[in-house]
Amino acid sequence: MAKKIPFNVVFASDEDVNFPASELNTHGPTVHGWRSTVDGSLTTHDIILRFQQPAKIYRIQLLAHQYLIPEKVELWLHYSPKSLPSTPSSQYFDFLGFVALADNANTNYKSRELQSVTVTPRRGTHLKLRLIGSQDNEYNRTGQISLLAVNVLGEDLDVGTGSNGNGNGNGEDHIGSEAPPLDTATGELALASICDDLLFSMYVEESIVKYIRELEQRKTLAVSSERFEYARKLKLCMTALRTAGERLGRYSLAKRQAVQQEDFTTAKLRKEQMEMYRASVLRQLQVQQLLESQGVQSTNDQSCEIYAGGKPSLPPAPSLQEVAHALAEAALSPKSITSQSQDDKSSTDGSLGQASNESVVAVPASSVPAPTVPSALHATPTHTGGWRKSHDEIPQSPRLPSRHSSPMCSRQGSLRRRNKSVPRNSYEDYEERAIPTLRQECQGNALLEADPNRGRSRLNDRERRQAALPILVFGSELVEQFYSRQFQDREDGLMRLRNFLKELEVVEVPSNEHAASPNKVARSAALLLHRAVRDAVYSVFSQATETVRVLFLEYVPGRVSPSEVARCVDRLLPELLAKSGDPSARLHTLAQHTILSIAACPEVAEQSLVAPALSRSVGSGTHQRLAMSRLQMLEQLVHTQGISTDKHSGLTCRALSECGCSGIHHPAEPVRKVAERILLLVYKINPRMVRKQLPPDDDITRRNLLYRQLFTEFDKLDLDRKQELLEASKYVGGHSSGDAATPPTDKPTTSSDASRLLKSKSGQGLGLAASSSNGYASCNGKQQYNEQLKRSMLSASNSRKGSASNSESTEDNTPKIHCPFCNWSCAGSDATQLDRHYWKACPFLTKCPQCSQVLEVAALNYHLTTECDAKESYVVCTRCTESVHKQLYELHQMEDYCRELKTGAARCPLCHDDVHLPVDGGWKLHLLSAAGCPGNIRKKNPKKSN
């Protein structure tokens, strides 16, 4: 796997005295980087890096400055074996390519651009960076350029392999066609450790990086030993340590800034703040126990409370006021504090091996033997926002929140993006202005009397009036966290509120005059959550939705009055519905899940507070994402709560059919699909109500593709319902006729009992067609027509059987010839008469227009495409299933009779009409009725009785 290749800068064409090129040798939050001279005459700047040993190069990473940006950076590689002497003047470099950098104007020069370039595996000992030109902007008038960090990823080259080269010193001396190691999960370059990534090493404090490297080694050993619970703890611990390391990195920047300003009091406070926070993090995460420095510990293979719920929570970071209080207490009682500091120091320095926390330590990449799956870096430029214009300025306000790092943390890095909720002045103005709290912190003894909450923004009068009730119930400290400008404070406030609600759910608060009632607690929580669900930061919104679910599913049941529940839903539901229409998938999915969780609350379901808001008609101008989310949630409610008869529930057949009919006219196809599914759910219960909302089912309406598909699904449901009714009628008829011992008083109740026993697919009781007056089992016009056709067919067949039996009894001695298709008969025994009848007169038969073969009308379409001599010239129409000549196919599809075939029907090739129930005698009824087939030139002749 690829790892960080250590290097040293051996040559630089020019450099600023305060920002030498040697700064590129190390990575860390306090690294300055290299800068060119001010008002220099050079337009091209060269920097040569020498690897500590020959290496195979896979990827090169460059981190540019936010406004001192070169136009492009050329990459040159040189390889020379250790046996050959090499100087910068005698080296021949091979050109690898160049990297063009953006001008960074779209981020207002507040973000740094990271470029990751993957190269073909090559041997190399020296890398030359040629920086050309400079991007002019309002912050760079002198043409100065800068490069903050360079990272080279690859593998150390064996000495034997390196000496076998031809020694020509060019970059073409590379590893043939060998491919770089790739991660099988992401397809990107596989790193031996996530600490080797430039995004990680530049923003995580060095001591935390060392801990993470050791934990990675332990995780590899745990996986090989199949200690999976231990490996899970190590993974969660590394994630939490990365967050803490980023916070310590910001503290290091603040300490360096104080040193540069010669504010040593603040620098001392920052140093103690880092030590206190580092010790508390290591103690809470049980890092020493996980490292198993004393041998294998069985407790690591058992679940614990810290790592039971996913990502462990970090301890709150001490503010400068708290650090000052601790120092003052240490001065007053030196013995107790000395013993405590020694314990903390032993827990901290035991694995660090050094006491210095403020110095910058460069950790070599070769000390990482534990391979892990790294985060994938793309070759596209990545803007990492939230850092200030100068690398040596503090990137955040003095009061750094306690729990999380950036909300946009990802596997590619954890640099902060720009916060959309910044004050009216710019981010730089907010960070660079003088903060009164910081001035007071640096005034020595005045820190002892300072308010511990001074670091958090105070509420103004308007906010205090708005949050009067939450302040009374939860206290001003928690409410201030909800109104804080720092998203970490808002996350902490939501976690405290959620824990408060859970504690009240587990342990009942003792009844006293100072305890708030459950109604006031729910109302106060809804006021705070109404503000939190509108937050633009995803991590805050995620915490807010989780708190909403805890409020309605754990706290509200059995405590809060129905009127207060309705007030809470009315306050939160509009904001969640607006979030459900967000284009971001994770936002609208989380909002939908939260709304459905609220609807699952028993108090909310009893009052039907959510469904009426979802079952409103969907206008054609409604945004596609919002309309689709509403209909998806409505469909889910129909599945979980069912269709109700209460007109105020919002889940009645009328409300759902009106909402579905409005949704099928939406211009977006995904919205129409969900609306069709809702209509089908209602159609199973009340077909008449759905058809009243739609145009009539005729040929003109079915020309519309939308209605054609919908009516086709209706036909399938009608066919299923018809089969159920036929089975029900057979069951009831057989039971009443076969049960001779049943008393007469019980016979009238047989049909009603059977209707109660039989259930349709939707779960509603089905009765007989004759006794269903409420519309649940009633058939529409098409079904009644089909039933009438079947009854007429049965009566005609019975009459034919009766007449045939009578004629046989009277004329047994007279020979007759019968047609098996149309029941034509004639006296005599001449078989040629039957052949002539087949050839000319039988209405059930016809001649093939191509080969003149006599066959059934029902088989003509199949014959033309599979059996006829001219079958190569015919194709089957995909719309109406008729056989059409290839040359006339386009004209055929323009005809009116070329329409979609109904379910369970057949198409007559002569008159192009639908033949219903073709298997159950539909063809005979169509061809042999009094009217006959309109397109059949043969008419049914009367029977000859000679």
Side-chain angles (χ1 to χ4, degrees), residues 697-713 715-716 719 782 786 789 793 819-824 831-929 931-941:
D697 185 6
D698 52 15
D699 294 340
I700 298 177
T701 305
R702 284 182 179 261
R703 291 178 185 175
N704 189 336
L705 182 61
L706 173 65
Y707 291 119
R708 184 191 309 161
Q709 296 175 353
L710 189 59
F711 285 142
T712 301
E713 297 296 329
D715 294 339
K716 293 180 181 179
L719 185 61
K782 182 174 66 64
N786 293 338
L789 289 177
M793 288 165 44
C819 176
F821 300 106
C822 63
N823 294 330
W824 172 87
T832 58
Q833 296 183 10
L834 187 59
D835 293 339
R836 286 194 299 269
H837 170 74
Y838 288 159
W839 188 258
K840 295 183 179 180
C842 183
F844 209 83
L845 305 178
T846 185
K847 289 183 181 180
C848 175
Q850 296 293 333
C851 62
S852 300
Q853 179 180 347
V854 177
L855 69 161
E856 298 181 25
V857 176
L860 180 59
N861 288 326
Y862 178 79
H863 168 78
L864 287 173
T865 54
T866 57
E867 298 176 349
C868 185
D869 298 337
K871 61 182 179 181
E872 301 296 336
S873 301
Y874 281 83
V875 294
V876 178
C877 179
T878 57
R879 186 186 304 168
C880 63
T881 68
E882 289 190 33
S883 298
V884 187
H885 199 278
K886 292 182 179 180
Q887 298 179 357
L888 304 176
Y889 185 72
E890 295 182 358
L891 297 176
H892 167 79
Q893 288 193 331
M894 298 172 60
E895 298 291 344
D896 295 339
Y897 55 79
C898 182
R899 59 186 181 274
E900 193 75 21
L901 187 64
K902 295 183 180 180
T903 304
R907 182 60 55 86
C908 177
L910 302 180
C911 64
H912 310 291
D913 286 341
D914 292 338
V915 179
H916 301 280
L917 299 174
V919 181
D920 298 336
W923 280 108
K924 287 188 177 181
L925 191 62
H926 176 69
L927 296 171
L928 305 180
S929 61
C933 177
N936 193 358
I937 59 175
R938 304 183 180 187
K939 298 297 181 181
K940 183 178 180 181
N941 298 325

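Values in this document were obtained by computation on a predicted structure and should not be read as measured data. For the single chain, residues carry numbers from 1 onward in sequence order.
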How many angstroms lie between CG in L901 and OG1 in T878, if you round to the nearest 0.5 Å? 12.0 Å
Thinking salt bridges, do R702 and D914 make one under a 4.0 Å N-O criterion? no
Heavy atoms of other groups near I700 CD1, more than 12 under 6.0 Å: no
Over 60° means perpendicular and under 30° means parallel, so classify the ring planes of W923 and H926, tilted if in between. perpendicular
Roughly how far, to the nearest 0.5 Å, is the CG atom of L845 from the CZ atom of R938? 6.0 Å
Could you pull out all residues at least two apart from D698 that satisfy salt bridge (Lys or Arg N to Asp or Glu O under 4.0 Å)? none
State the CH2-CG distance between W839 and L834, to the nearest 0.5 angstrom. 14.0 Å
What I'd like to find out is whether the side chain of C848 reaches to under 4.5 Å of the side chain of L864, using heavy atoms alone. yes
Can you find a pair of side-chain heavy atoms, one from S873 and one from Q850, that are under 4.5 Å apart? no
Where is the tightest heavy-atom contact between P909 and N861, given as atom of each residue plus distance? CB-OD1, 3.6 Å
Here the pair of heavy atoms bringing V915 nearest to C908 is CG2-CB, 4.1 Å
Within the structure provided, determine whether K871 and T865 are in side-chain contact (heavy-atom separation under 4.5 Å). no
CZ on R907 to SG on C880, rounded to 0.5 Å: 5.5 Å
Tightest non-hydrogen contact, residues C911 and G935, listed as CB-N, 3.6 Å
Checking side-chain contact (heavy atoms from CB on, under 4.5 Å) against L928, which of C842, C933, C822 comes through? C822
Is it true that, when you exclude K847 itself, more than 12 heavy atoms of the residues, nucleotides or ligands shown sit nearer than 6.0 Å to its NZ? yes
Can you tell me how far apart SG (C898) and CG (L891) are? Round to the nearest 0.5 Å. 11.5 Å
side-chain contact (heavy atoms from CB on, under 4.5 Å) between S883 and L860, intermediate numbers included: CA-CA 8 Å; S883 298; L860 180 59; over 6 Å; no
Quick note, ring pair (Phe, Tyr, Trp, His ring centres under 6.0 Å) partners involving residues 870-896, not counting sequence neighbours, are Y874-H885, H892-Y897
Measure the CZ-CZ distance between R879 and R708 for me, rounded to the nearest 0.5 Å. 6.0 Å
Residue pairs fulfilling ring pair (Phe, Tyr, Trp, His ring centres under 6.0 Å) with at least one residue in residues 844-863, sequence neighbours excluded: F821-F844
